[in-house]
There are 2 protein chains.
Amino acid sequence: MSRTAAIIGGGVIGGGWAARFALNGWHVRVYDPDPEAKRKIGEVMGNARRSLPGLTDVALPAEGKVSFHAAIAEAVAGAEWIQESVPERLEVKHATFAEVQADCAERAVIGSSTSGFKPSELQQGAARPGQIMVAHPFNPVYLLPLVELVPGDAGEAALVEQAKTTLSSLGMYPLHLKKEIDAHVADRFLEAVWREALWLVKDGIATTEEIDNAIRYGFGIRWAQMGLFETYRVAGGEAGMKHFMAQFGPALKWPWTKLMDVPEFTDELVDLIAGQSDAQSGAYSIRELERIRDNNLVTMMRGLKAQDWGAGALLNAQESEMRAGTALGARAAELPADQPVLTARRTVPLDWTDYNGHMTESRYLNAFADATDRFMEIIGSDAEYISSGGSYFTAETHIRHLDEVHAGAVIKITTQVILGEGKKMHLFHEMREGERLLATGEHFLLHVSLETRKPSAPSPEIEAALVRFAAGHAALGRPEGAGRAIGGPR
Amino acid sequence: MSRTAAIIGGGVIGGGWAARFALNGWHVRVYDPDPEAKRKIGEVMGNARRSLPGLTDVALPAEGKVSFHAAIAEAVAGAEWIQESVPERLEVKHATFAEVQADCAERAVIGSSTSGFKPSELQQGAARPGQIMVAHPFNPVYLLPLVELVPGDAGEAALVEQAKTTLSSLGMYPLHLKKEIDAHVADRFLEAVWREALWLVKDGIATTEEIDNAIRYGFGIRWAQMGLFETYRVAGGEAGMKHFMAQFGPALKWPWTKLMDVPEFTDELVDLIAGQSDAQSGAYSIRELERIRDNNLVTMMRGLKAQDWGAGALLNAQESEMRAGTALGARAAELPADQPVLTARRTVPLDWTDYNGHMTESRYLNAFADATDRFMEIIGSDAEYISSGGSYFTAETHIRHLDEVHAGAVIKITTQVILGEGKKMHLFHEMREGERLLATGEHFLLHVSLETRKPSAPSPEIEAALVRFAAGHAALGRPEGAGRAIGGPR
């Protein structure tokens, strides 16, 4: 039974929310008087479809239906989450909330994408103030996890918890701010940097390109994984934060900054910035830059995922939730032994394709190796077991690359045990997109002691689980393509 | 003939410079009166050795010698680059430059790591002012590419060009600022964010952890690949920068910021911050956080490298330079056909190891696939050829995993052609660490038309190059391990 979200106001932000919900299987009902709303949201959905599903190693649910409605009353029907992303004018927001609350469920969460207004301002004059909270996202909403969640004093605690649970289920990170303030937290930092940057451009100290490079070749890369305070803590070394601050504190009194003043936004300044921006980035269209950006974000976030850190740790947590209670999270005892085991169902990510335009060859083994890890987990050789000193090492691998597959495709891997006894495990994986066989991966593994790095017997539980599958799969017969050598008969 | 750099002042920054130079093959001569200098620099070198070499797919040169000297005069002997990283006190820097210039080469670059002083201030009273320039790096210096290079009005143009060439050869990005200003560019932004963050903590709006998460789950990830202006350009959509600024400009007048004031650095505020930092990050030691940070940075930078963007594009440019004029950049005509071809010599990066503590199985195929790409390039099937519509697809792969290898190890791959004629290419790779055989990778490839996705004849030039290697390698005999199937005889 799909859940329903209402999107009031489209554009880049509303469209990003629509994509985030729809790609997580929710039905999405949109209201936006802009005649271009359907096209604009469609473009955001296109960007989202190519980038979000590959962030995790488990395929997202089937995409929910996105429908467009002529009135707010229709859009909010049946919705348990209503996201407002109308223009940043308080009277427009108030009128919107009045219409929403006239027809929506009383226990629906009403989130506002506002970057500037405080919850108390939004809640003024509302029928049910406690239902309205700031839920401020970051562009692209379908990729970046942060949502600043500010309920204000009127916010209703149970509804706030409901909001946090929902956002987490979408792979987002609800940053619950207990005190309200103009622009919340993150945009205050962007504001501060923006002012300083405007001065630097105006005074001819640096161009827009030089400023951007000062960010992305330096502290910008650091901030993708550790924030301001943690970075300084590490820099402070063993002497600690207090030492760091003792060194840094005095500098605050130096005349480093013109932040006391705001530069005049003259036509001249605007032209200067626009011209430098064209020189810096004009070789690419906006659409091209969006796609490049999303390729980069997916690549880095999947990298952090492999490190189980920062935004990547969030993805791992989301993935664990997605596996729980499904075949992709089950243990041996819950699975039948008389058929191949489902060991993967995932979307080919953006960073798995190569210059040939298809999933690159080493990622076939990446997928098969992950499937082997999943099978190991099923029989009990999981992270906990491995940290106790036993594991399986792969000794030999044979891959038949039979067909191409592209980013965004959902692939499945099913696994048959050819041999499973004692220290030995011989697996045969089949990778498919739908019915289409893409590749087979045959692997011979040995259980080893991580201490001696030599073959050793697995635990009795693991061997029993493995033997059960081996016996059950023996009845399936030898899979086609097993036991091949390169140059062998086709 | 190794080049020599002098490091005046160690610590995290001086040590980072020492590591950057030494790991790029320079001899490094250190002067630092701190009795702990050798230990501190050793620790930075340890961090650098595990992280820097794997950033590129070509192994760095042999590490240069790092020596410690009792006087500045000794340290600067023979040095063509002298990096000053002494405490941030102008009189100490002046005294240091005086000693340096009394004995150093007149055409050596004297770079200062100062975060706060302008070049004109550093150059006051110097024997040769034009020789001294700001060269301000970012921690960790051995990973982050940005160096703010500020020669000031006295800076000598030829020396500045020399400095930029040297920094680029080290994989760094010299941001040449033509006008001097306190704190240069990047730290002015950090300063602005720091002040705002202090207010938020002091006023109880957010904790250090909440602030850091607001950064690293949101705009922080964006800034690792695109800076402020480019991000806003994309967000502004087709309407462009002017439209974006028209929307954003008015907000600058709103009372969002307390930036007009600087909060008092009382013991109370310091304790508040230190306590929150402990609660946030105290589960890890500083050394652990440093290693986690470097794992993350390497992972993300190598991700950007695969996308050929931002800091990753810098790595690719550096790598091209490293390949030029060596066997790893040569074409078929320059290589003998009577021996296996060297197709890789690289350091196992930090993000290639898995929970078993060794290079993970899919990265063996990553390395072999890259070696195949290199062989393809050698015979003429390079990026240009591929964009003209021809390529090779791998149809079948067999890997024998014979031994383990760890992050930081230098591995070599040599390639023999088993069959090379018409549309077919059958390669056999051997991966070694020193003499130790780690794995073999056997691959059968077919030349295809990228338009039809079907087998097609390669260009005559490519076929000729391939046939020449096939003929030469035939005399070597069939490599041991070729033609194996899993379950075949050992």
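Here the structure is a predicted model, which is why all the values come from computation and not from measurement.
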Trainee: About how many Å separate CH2 of W194(B) and CG of L198(B), when rounded to the nearest 0.5 Å?
Mentor: 5.0 Å

Trainee: At a 4.5 Å cut-off on heavy atoms, which part of V448(A) comes close to chain B: side chain, backbone, both, or neither?
Mentor: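 When you check distances to chain B, no heavy atom of V448(A) falls under 4.5 Å.
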
Trainee: Quick one: of Q225(B), Q307(B), K179(B), who has the most non-hydrogen atom pairs under 4.5 Å with chain A?
Mentor: Q225(B)

Trainee: Among I292(A), V12(A), V147(A), which residue has the highest count of heavy-atom pairs closer than 4.5 Å to chain B?
Mentor: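 Of the options given, most contacts go to I292(A).
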
Trainee: Go through the steps to decide whether L450(B) and F393(B) satisfy the test side-chain contact (heavy atoms from CB on, under 4.5 Å), and finish with yes or no.
Mentor: CA-CA 10 Å; L450(B) 289 177; F393(B) 282 6; 3.8 Å; yes

Trainee: Measuring heavy-atom distances to chain B, does F189(A) have an atom under 4.5 Å in its side chain, in its backbone, in both, or in neither?
Mentor: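 Both parts, heavy atoms under 4.5 Å.
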
Trainee: Looking at S281(B), A311(B), A369(B), which has the largest count of heavy-atom pairs under 4.5 Å with chain A?
Mentor: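 Of the options given, most contacts go to S281(B).
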
Trainee: Top residue by heavy-atom pair count (under 4.5 Å) with chain B, among L175(A), I418(A), I399(A)?
Mentor: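 That would be I399(A).
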
Trainee: Give the member of I221(B), D351(B), T299(B), N213(B) that has the highest number of heavy-atom pairs under 4.5 Å with chain A.
Mentor: I221(B)

Trainee: Side chain, backbone, both or neither: which part of I205(A) has a heavy atom under 4.5 Å from chain B?
Mentor: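 Both parts, backbone and side chain.
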
Trainee: Measure distances from Y284(A) to the heavy atoms of chain B and classify the residue's part below 4.5 Å as side chain, backbone, both or neither.
Mentor: side chain

Trainee: May I ask you to name which of A186(B), S387(B), G227(B) has the most heavy-atom pairs under 4.5 Å with chain A?
Mentor: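 Going by pairs under 4.5 Å, I would pick G227(B).
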
Trainee: Please state whether the side chain, the backbone, both or neither of L314(A) comes within less than 4.5 Å of a heavy atom of chain B.
Mentor: side chain

Trainee: I need the residue from V193(B), I486(B), I215(B), L146(B) with the largest number of non-hydrogen atom pairs under 4.5 Å to chain A.
Mentor: I486(B)

Trainee: Please check if any side-chain donor atom of E148(B) sits under 3.5 Å from a side-chain acceptor atom of H184(B), or the reverse.
Mentor: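 Side chains of E148(B) and H184(B): no pair found under 3.5 Å.
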
Trainee: Is it the case that the ring center of Y217(B) lies less than 6.0 angstrom away from the ring center of W223(A)?
Mentor: no

Trainee: Checking R233(B) against D278(A) for the salt bridge (charged side-chain N to carboxylate O under 4.0 Å, His left out) test, could you report, in this order, the C-alpha distance in whole Å, the side-chain angles of both residues, the deciding distance, and whether it holds?
Mentor: CA-CA 9 Å; R233(B) 182 191 185 83; D278(A) 285 346; 3.1 Å; yes

Trainee: E191(B) vs R188(B), test: salt bridge (charged side-chain N to carboxylate O under 4.0 Å, His left out). Steps then yes/no.
Mentor: CA-CA 5 Å; E191(B) 164 84 356; R188(B) 298 182 68 88; over 6 Å; no

Trainee: Tell me, out of R302(A), H426(A), E361(A), M301(A), who's got the most heavy-atom pairs with chain B below 4.5 Å.
Mentor: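 Greatest number of close heavy-atom pairs with chain B: E361(A).
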
Trainee: When heavy-atom pairs shorter than 4.5 Å are enumerated against chain B, which of T394(A), L177(A), N366(A) gives the highest number?
Mentor: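 Highest number of pairs under 4.5 Å: T394(A).
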
Trainee: Run the side-chain contact (heavy atoms from CB on, under 4.5 Å) check on E230(B) and T208(A) step by step: do they pass?
Mentor: CA-CA 8 Å; E230(B) 192 156 55; T208(A) 59; over 6 Å; no

Trainee: Would you mind telling me which of G303(B), G483(B), G204(B) has the largest number of heavy-atom pairs within less than 4.5 Å of chain A?
Mentor: G204(B)

Trainee: Identify which part of A306(A) has an atom lying under 4.5 Å from any heavy atom of chain B, answering side chain, backbone, both or neither.
Mentor: neither

Trainee: Between E396(A) and R484(B), does a side-chain contact (heavy atoms from CB on, under 4.5 Å) hold up when you go through it step by step?
Mentor: CA-CA 10 Å; E396(A) 203 161 6; R484(B) 270 189 59 77; 2.6 Å; yes

Trainee: For the atom pair CZ (R222(A)) and OG1 (T231(A)), what is the distance rounded to the nearest 0.5 Å?
Mentor: 5.5 Å

Trainee: Quick one: closest heavy-atom pair of L144(B) and G218(A), and the distance?
Mentor: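 Result for this residue pair: CD1-O, 3.7 Å.
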
Trainee: Heavy-atom pairs under 4.5 Å with chain B - which of V185(A), T360(A), N139(A) has more of them than the others?
Mentor: N139(A)

Trainee: Just how far is it from atom CG of L143(B) to atom CG of N296(B), taken to the nearest 0.5 Å?
Mentor: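 One gets 11.0 Å once the value is rounded to the nearest 0.5 Å.
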
Trainee: Scan side-chain atoms only and decide if H176(B) and E210(A) contain a donor-acceptor pair under the 3.5 Å cut-off.
Mentor: no

Trainee: Check each atom of L200(A) against the heavy atoms of chain B and say whether the ones under 4.5 Å are side chain, backbone, both or neither.
Mentor: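 For L200(A), the contact with chain B is made by the side chain alone.
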
Trainee: By a 4.5 Å heavy-atom criterion (distance strictly below it), what part of T397(A) contacts chain B: side chain, backbone, both, or neither?
Mentor: both

Trainee: Would you mind checking which part of M172(A) comes under 4.5 Å of any heavy atom in chain B, side chain (CB onward), backbone (N, CA, C, O), both or neither?
Mentor: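 It is neither, since no heavy atom gets under 4.5 Å.
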
